[in-house]
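What's counted below: heavy atoms across the whole structure, side chains too, no hydrogens, waters or symmetry copies.
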Amino acid sequence: MLDKTYDPKAFESELYAEWEASGVFGASVDGNAQPFTAMMPPPNVTGSLHMGHALNMTLQDVLARWHRRRGHDALWQPGTDHAGIATQMVVERQLAREGTDRWSVGREAFIDRVWAWKAESGGRITGQLRRLGATPDWSRERFTMDEGLSRAVVKVFVDLYKQGLIYRDKRLVNWDPALQTAISDLEVEQKEVKGKLWHLRYPLTDDPDRFVTVATTRPETMLGDTGVAVHPDDDRYRDLIGKTVRLPIVGREIPIVADAYADPEQGSGAVKITPAHDFNDFEVGKRQGLATINILTPQARINDNAPEPYRGLDRYEARNKVVEAFDALGMVERIDDHVHMVPYGDRGGVPIEPFLTDQWYCDAETLAKPAIEAVESGKTRFAPKSWENTYFEWMRTIQPWCISRQLWWGHQIPAWYGPDGTVFVECSAQEAQAAAKAHYGTDAEVALVHDPDVLDTWFSSALWPFSTLGWPDEVPEVGRYYPGDVLVTAFDIIFFWVARMMMMGLHFMGEVPFRTVYIHALVRDENGQKMSKSKGNVIDPLELIETYGADALRFTLVSMAAQGRDIKLSTQRVEGYRNFATKLWNATRYCEMNDCVPRPDFDPSTVRHRINRWIVGEVVETAAKVDAGLEHYRFNEAAAALYQFAWNTFCDWYLEFTKPILSGGDTTVAEETRATTAWALSQLISLLNPLMPFVTEALWESLAPGEADRLIGRRWPDLAGLTVDPDARDEMGWVVRLITEIRAMRSEMNVPAGASIAAFLKDPALSTVERLDRHRPLIMRLARLETVAPLVGEVPVGSAQDVLDEATLVLPLAGVIDLDRERARLSREIGKWDAEIGKLDKKLANRQFLAKAPADVVEAQRERRAQFETSRDRLKEALARITPAA
RNA sequence: GGGCGUGUAGCUCAGCGGGAGAGCACUGCCUUCACACGGCAGGGGUCACUGGUUCAAUCCCAGUCACGCCCACCA
């Protein structure tokens, strides 16, 4: 017996444990079933479940459960990402609290600390996924720093290096002075900052009374200036080209060069060039043969290349001091307020510095070509398709990918340097040693230094679709589950992750990593801001689960999965779907109380009673909508179909229709109805199971207590052999409209809810009379009638009247009804019909419409007009009957 | 500066060439033997604006306005 109230906390966790213990989540690997593969985007091992995860994981879980129940060999591959910077920061903060830092601890001990932290806290998010009801194949859970995955990373690096697709280069990188590492372009975010624009004067070397004025937002970088550029066609400066200025403070003599980079419209038209600290200036410097002078330390303090008084100063302290010095010299022309974009590191949270360093780069341009073609040719499709534009736009202008990071936590780059700097890139230290011996022609051990840097976290993530399967080992999983079917993710990691998986997958596997990329909405906070740990605006889905249950949260997310980019989650909506679960719970209790339990030999195609034939058809249509919705990633349509069927069709109408039958005298019909009710409910619960796995499982248990199988492992309903009975559908539709109409009239006339009244149909067709006879008891019950019959004789005085198809509905309400109001009401109704008919007449008189519109549309309009006219005329008659002769 | 998206009932959002929808909120009635986390009935919208295409436009196209996001090296 079900408990009287629905309490998700009473069974959700317990059910999950039972599912997991039963092993149903596991992929079978061998066997004949068609494989289905979805790669879980690995959450950061530091992470905890946020709303974005909840949405992402729910959608994948719905797909995994659906495929599994359809008999597919579903692999939903779970795991976590080592999240280099984020994780290292967590442990570094711990060290800071202990009054130490990673340099004092040392690299090896530090990495041990991180592993220890991971062992202790790294499992939190997977526990939260279980709470959400996610059912990936936990037995195959991977971590990007696992031994196997690390081997894949090393092999990919070495192969790409030997193919010339990974190389070492000295160039400007985005340097994060807080984290003291290079980061990629994608990890830089531009922020609008209110700053100043300083106009500084640089005196000409050979004519110190003449100045060139340059404008800059970063005066401190002048310490590294090695030139001033003007546009070659700029008449103001033409005579200065080739001359030099003497840099104030520094005293360095630097040339004035002509370069098209200088924009005559900007500032003074002359621009200072700091090749070591600006990406544009670096290019200008290369073109013009200017020196490159680095004036910053890795912490963004001024280094010894600058004059003594500035050394060791923070970049912003140095800025003030430089401006003061210029001011003292009378070399500040003016200072403007200036709003401009400043690049910030997305993790470190401080402005990045363009910084000249040696780094490892991946030739993304070459790898991108096949990845672009794969989407162009449709081998991989984005859903919605519009995201392909975003993908193409980025891939077609892709820059070299800086893959080295000056961190300790991550995959250490498999490169070793010989005494003379020769680099050996090999899969292991032993192989590097062998290569070095061969290179140097010696048998003696060569002193090699392992490159201290680690790889960008996304480098290993890029291999996820095949490294998790066991690659580079030759294992059956690789052939069976690659390429995957679908990647479900949010748009914000199309560049970071999707694009890179495409590149690596195509290069190493020769095949796309997934056929479909389903991009869902990004869950934002109430201000439309992207949720992030650093902003502290993360909503905790676990709290919602605690209050409303995992099913309510899941159903909410699935229902909202069709909307645009933003999801602003409303608690009220979650509450509404909790109520839906309660409704299901109570409906099942009702069935239980009425002995509506599944009959093993029940065949829905053989039911005879129209009510039952109707509900069978409704189930069939609902199932089709659910399948279509899931097939095309229109999750919300599947959810809406189930919600409507469950609440409106099944509970509000079918269960009410059948109450008189269950308590009636015809035991054959009652038995068929009990069986049909149980069948319809069990189909509903079964179809709803992927979306609301917990409550449906609990209800299933009560519906079919003898069943050995849990719902999670049962075959998905296949109703292909069942058809919709159109007669039953029309007939029950009519009954619904009749009851609704009577209720509306009662309500409008203020008939007391408990009062039984009579209802008559004037001029009904024979088929209508038959329908009435077939369903009289339930119509009487649901409309609260003492009698309902065709009208014999005249319409009683003081009747409320309305139209229902070809008949007029008559409710004798003498004494209750206000005839003046009733006349006004009928006139209003007639007016509405007249207006509709007028519109249709206009349309049907339009020759263009008749000539060009499809015949079926024209016909449909004619039919509508005829129906409207019947209704209007019935109402006119009704009005005439209660209007005194003039 | 480029690109993308969104503007539909009070709120959150579906729909997207031929009859304006849902949930919540709101109003009235109802504690009827599954459910008040409920039932029944109801009010509420020139589908942002302006043009165009079409026999027909909330839906397609162009432009305008508003909001949001992504990308971009402008001193």
Side-chain angles (χ1 to χ4, degrees), chain A residues 2 4-6 185 190 197-199 214-218 229 261-263 265-274 278-283 338 340-341 343 354 386-387 389-390 393-394 397 491-492 494-495 522 524 528-530 548 552 556 559-560 562-573 575-594 636-637 640 643-644 651-652 655-656 659 663 739-740 743-748 750-754 781-784 836 839-840 843 846-854 856-858 860-861 864 868:
Chain A
L2 283 175
K4 190 151 172 24
T5 53
Y6 163 64
D185 297 345
Q190 304 288 337
L197 189 59
W198 285 270
H199 298 257
V214 296
T216 180
T217 56
R218 302 205 51 196
Y261 166 68
D263 181 353
E265 306 294 318
Q266 287 287 332
S268 63
V271 58
K272 63 192 272 306
I273 301 298
T274 322
D278 183 282
F279 289 100
N280 288 310
D281 293 5
F282 186 74
E283 296 303 317
H338 187 65
H340 61 127
M341 301 298 267
S386 58
W387 289 110
N389 293 332
T390 306
E393 184 193 328
W394 189 68
T397 58
F491 74 87
D492 59 334
I494 289 178
F495 304 148
L522 197 66
R524 296 177 186 277
Q529 293 289 305
K530 186 172 165 176
Y548 300 108
T556 306
S559 297
M560 302 202 308
Q563 64 187 51
R565 293 180 179 187
D566 296 12
I567 283 185
K568 281 182 255 169
L569 197 69
S570 138
T571 305
Q572 277 188 335
R573 195 137 173 195
E575 187 180 336
Y577 290 126
R578 188 277 317 269
N579 296 351
F580 177 53
T582 305
K583 187 76 179 176
L584 290 169
W585 188 269
N586 285 313
T588 307
R589 277 181 63 223
Y590 165 84
C591 291
E592 201 173 51
M593 291 171 187
N594 286 281
N636 60 312
E637 291 182 10
Y643 186 91
Q644 273 170 23
C651 289
D652 287 349
L655 292 185
E656 297 303 329
K659 279 175 184 173
S663 58
I739 293 167
T740 303
R743 284 169 170 171
M745 289 171 75
R746 290 177 60 118
S747 179
E748 180 150 6
N750 295 314
V751 176
R781 179 190 170 102
L782 297 185
R784 286 267 172 154
E836 290 298 317
K839 275 197 270 184
L840 287 170
K843 201 180 233 182
N846 184 338
R847 282 202 192 137
Q848 298 282 4
F849 173 68
L850 296 176
K852 296 191 178 173
D856 58 324
V857 170
V858 175
Q861 302 296 334
R864 276 186 73 206
F868 288 5

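When Watson-Crick and G-U wobble pairs are counted only if both distances are under 3.5 Å, B:C74 pairs with no nucleotide at all. B:G38 is paired with B:C30 under the criterion used here, namely a Watson-Crick or G-U wobble arrangement in which both key atom distances are under 3.5 Å. With a cut-off of 3.5 Å on both pairing distances, the Watson-Crick or G-U wobble partner of B:C69 is B:G3. The partner of B:U64, taking Watson-Crick or G-U wobble pairs whose two distances both stay under 3.5 Å, is B:A48. Both distances falling under 3.5 Å, in either a Watson-Crick or a G-U wobble arrangement, place B:C24 opposite B:G10. Across the strands present, B:G19 finds no partner; the criterion is a Watson-Crick or G-U wobble pair with both atom distances under 3.5 angstrom.
Between B:A48 and B:C65, the two C1' atoms lie 8 Å apart (nearest whole Å). Using atom C1' as the reference point in both B:U6 and B:U12, the two lie 14 Å apart (nearest Å). Separating the P atom of B:G18 from that of B:C30 is a span of 42 Å, rounded to the nearest Å. Comparing the P positions of B:G2 and B:G10 gives a spacing of 36 Å, expressed to the nearest Å. Taking atom C1' on both B:A9 and B:G68, the two are 23 Å apart, rounded to the nearest angstrom.
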Restricting both atoms to N or O, compile the protein contacts to nucleotides 18-24 of chain B shorter than 3.5 Å, with distance only.
unit_1: B:G18; atom_1: O2'; unit_2: A:Gln861; atom_2: NE2; d: 2.9
unit_1: B:G19; atom_1: OP1; unit_2: A:Arg864; atom_2: NH1; d: 3.4
unit_1: B:G19; atom_1: O2'; unit_2: A:Arg864; atom_2: NH2; d: 3.4
unit_1: B:C24; atom_1: O2'; unit_2: A:Gln572; atom_2: OE1; d: 2.7
unit_1: B:C24; atom_1: O2'; unit_2: A:Gln572; atom_2: NE2; d: 3.2

Contact list (N/O, under 3.5 angstrom) for nucleotides 34-36 of chain B vs protein:
unit_1: B:A34; atom_1: O2'; unit_2: A:Asn586; atom_2: OD1; d: 3.4
unit_1: B:A34; atom_1: O2'; unit_2: A:Arg589; atom_2: NH1; d: 2.9
unit_1: B:A34; atom_1: N7; unit_2: A:Lys659; atom_2: NZ; d: 3.4
unit_1: B:A34; atom_1: N6; unit_2: A:Cys651; atom_2: O; d: 3.4
unit_1: B:A34; atom_1: N6; unit_2: A:Glu656; atom_2: OE2; d: 3.3
unit_1: B:A34; atom_1: N3; unit_2: A:Asn586; atom_2: O; d: 3.1
unit_1: B:A34; atom_1: N3; unit_2: A:Ala587; atom_2: N; d: 3.2
unit_1: B:C35; atom_1: O4'; unit_2: A:Asn586; atom_2: ND2; d: 3.4
unit_1: B:C35; atom_1: O2'; unit_2: A:Asn586; atom_2: ND2; d: 3.1
unit_1: B:C35; atom_1: O2; unit_2: A:Lys583; atom_2: NZ; d: 2.8
unit_1: B:C35; atom_1: N3; unit_2: A:Lys583; atom_2: NZ; d: 2.9

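Here NZ of A:Lys839 is found 8.5 Å from CZ of A:Arg864. Values are rounded to the nearest 0.5 Å. Rounding to the nearest 0.5 Å places CZ of A:Arg589 at 13.5 Å from CG of A:Leu584.
In terms of modelled atom types and a separation under 3.5 Å, the side chain of A:Glu836 and the main chain of A:Phe868 share no donor-acceptor contact.
Note on A:Thr217: only backbone sugar-phosphate atoms sit closer than 4.0 angstrom, heavy atoms only; bases stay farther off. Using a 4.0 Å heavy-atom criterion, one finds that A:Ala640 contacts no nucleic acid atom at all.
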Quiz item: Would A:Trp198 and A:Thr217 satisfy side chain to side chain contact (heavy atoms under 4.5 Å, CB included), going step by step from the backbone distance to the final call?
Solution: CA-CA 6 Å; A:Trp198 285 270; A:Thr217 56; 5.5 Å; no
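Between A:Thr740 and A:Gln848, the one whose closest nucleotide on RNA chain B sits nearer the 5' end is A:Thr740.
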